[in-house]
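These notes concern the structure reproduced below.
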Amino acid sequence: MNKVAKKEASEVKASVRLYYEISSDGKVKLKNKKCPRCGSVMAHHLKPVERWACGKCGYTEFVSSGKK
């Protein structure tokens, strides 16, 4: 591997590992929810209120806190 190829390989960020977990038996599972409307991966937001939101279609599910 030449010097340029090493530099390019070290700059690649492995953010995919943040979205999946691998169990001890080797199965891969998605950590986040999937959007029921379009099927994309949803983001979990905590502020200003806790919710799951899809950046592709705009679908949002609010998480109820259960405190009243």
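All values below were derived from every heavy atom in this structure, side-chain atoms included, with hydrogens, water molecules and symmetry-related copies excluded.
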Which side-chain N or O atoms in residues 21-31 pair as donor and acceptor under 3.5 Å with protein atoms at least two apart or in another chain?
{"unit_1": "Ser23", "atom_1": "OG", "unit_2": "Asp25", "atom_2": "OD1", "d": "2.3"}
{"unit_1": "Ser23", "atom_1": "OG", "unit_2": "Lys27", "atom_2": "N", "d": "3.3"}
{"unit_1": "Ser23", "atom_1": "OG", "unit_2": "Lys27", "atom_2": "O", "d": "3.3"}

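Through direct or relayed side-chain contacts under 4.5 Å between Ile, Leu, Val, Met, Phe, Trp and Tyr, Phe62 connects to Val49.
Glu61 pairs by the side-chain contact (heavy atoms from CB on, under 4.5 Å) definition with Lys33, Pro36, Trp52, Tyr59, not counting sequence neighbours. Every residue two or more places apart in sequence or in another chain that forms a side-chain contact (heavy atoms from CB on, under 4.5 Å) with Ala43 is listed here: His45.
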Side chain to side chain contact (heavy atoms under 4.5 Å, CB included) evaluation trace for Cys35 with Cys57:
CA-CA 9 Å; Cys35 178; Cys57 70; 3.6 Å; yes

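In terms of heavy atoms, Met42 sits closest to Cys54 at CE-N, 4.1 Å.
Applying the salt bridge (Lys or Arg N to Asp or Glu O under 4.0 Å) definition to pairs two or more places apart or across chains, none involves residues 43-53.
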